[in-house]
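In what follows, a structure is listed as structure tokens, so that the remarks can point back to it.
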Amino acid sequence: MQHAILILNGPNLNLLGTRQPEVYGPTTLQDIEALCAAKAAALNVTMDFVQSNHEGVLIDHLHAARGRFDGIILNAGAYTHSSIALMDAVSSIMLPLVELHLSNIHAREAFRHHSYIAPVAVGQICGFGAAGYALAIEALVGYLGTHG
Ligand code: DHK
């Protein structure tokens with residue numbers, strides 16, 4: 001069976017490429033989407049790739065994923081560190097989710113060390129820049145292969 005995955009990107013990630021490249025790397029979100037499409041095709045899964053700067057829109061995407069996707073990769077941006085509402089949405093939809101960050105949030109400011117997403121995620125990938133997206137797809141597809 002071919003799995004479908006949703007890759008959801010939160011606030012300010014639309015600015016990748018020009019946004020603090022020393023932290024987030026030189027790759028644009030459009031380039032990352034292309035990288036993800038290639039990885040998904042190689043692993044024989046379909047994917048949707050979405051970005052929003054709005055917490056409620058991200059929650060709407062999580063709710064709408066039920067019945068449409070088998071798993072989710074979420075880079076919630078700064079909402080990772082603040083949003084109980086996103087955490088509750090992830091808990092509510094009962095879909096496996098991989099938490100993703102370009103930067104190593106544990107090596108940065110203390111306020112980035114806490115994640116509301118981590119307790120409701122299958123696992124977390126951070127610190128590998130754009131390559132983390134491909135790693136997250138591999139991790140999620142591997143998880144789906146053994147869990148559903
Ligand atoms: C992206 C952001 O926008 C930050 O607010 C997070 C995350 C880290 C990232 O590394 O992808 O703290």
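Each ligand, and each atom within it, is numbered from 1 in the order the structure gives. We count residues from 1, following the sequence as given. As the structure is a prediction and not an experimental result, all values here were calculated from the model.
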Report all N/O contacts between ligand 1 and the protein shorter than 3.5 Å as a table of atom names and distances to 0.1 Å; if there are none, say 'none'.
from	atom 1	to	atom 2	distance (Å)
ligand 1	3 (O)	Arg19	NH1	3.0
ligand 1	3 (O)	Arg19	NH2	3.0
ligand 1	5 (O)	Ala78	N	3.1
ligand 1	5 (O)	Arg112	NH1	3.2
ligand 1	10 (O)	Leu102	N	3.2
ligand 1	10 (O)	Ser103	N	2.8
ligand 1	10 (O)	Ser103	OG	2.6
ligand 1	11 (O)	Asn75	ND2	2.9
ligand 1	11 (O)	Leu102	N	2.8
ligand 1	12 (O)	His81	NE2	2.7
ligand 1	12 (O)	Arg112	NH1	2.9

Could you tell me how the ring of Phe111 sits relative to the ring of His81: parallel (under 30°), tilted (30 to 60°) or perpendicular (over 60°)? perpendicular

In terms of the angle between their ring planes, are Tyr116 and His114 parallel, tilted or perpendicular, with boundaries placed at 30° and 60°? perpendicular

Looking only at side chains, do Gln124 and Ser115 share a donor and an acceptor under 3.5 Å apart? no

Regarding Asp31 and Thr28, is there a side-chain donor-to-acceptor distance under 3.5 Å anywhere? yes

Would you confirm whether Gln51, through its side chain, and Gly10, through its main-chain N or O, come within 3.5 Å as a donor-acceptor pair? yes

Quick one, Leu6 and Leu95 - any side-chain contact, counting heavy atoms below 4.5 Å? no

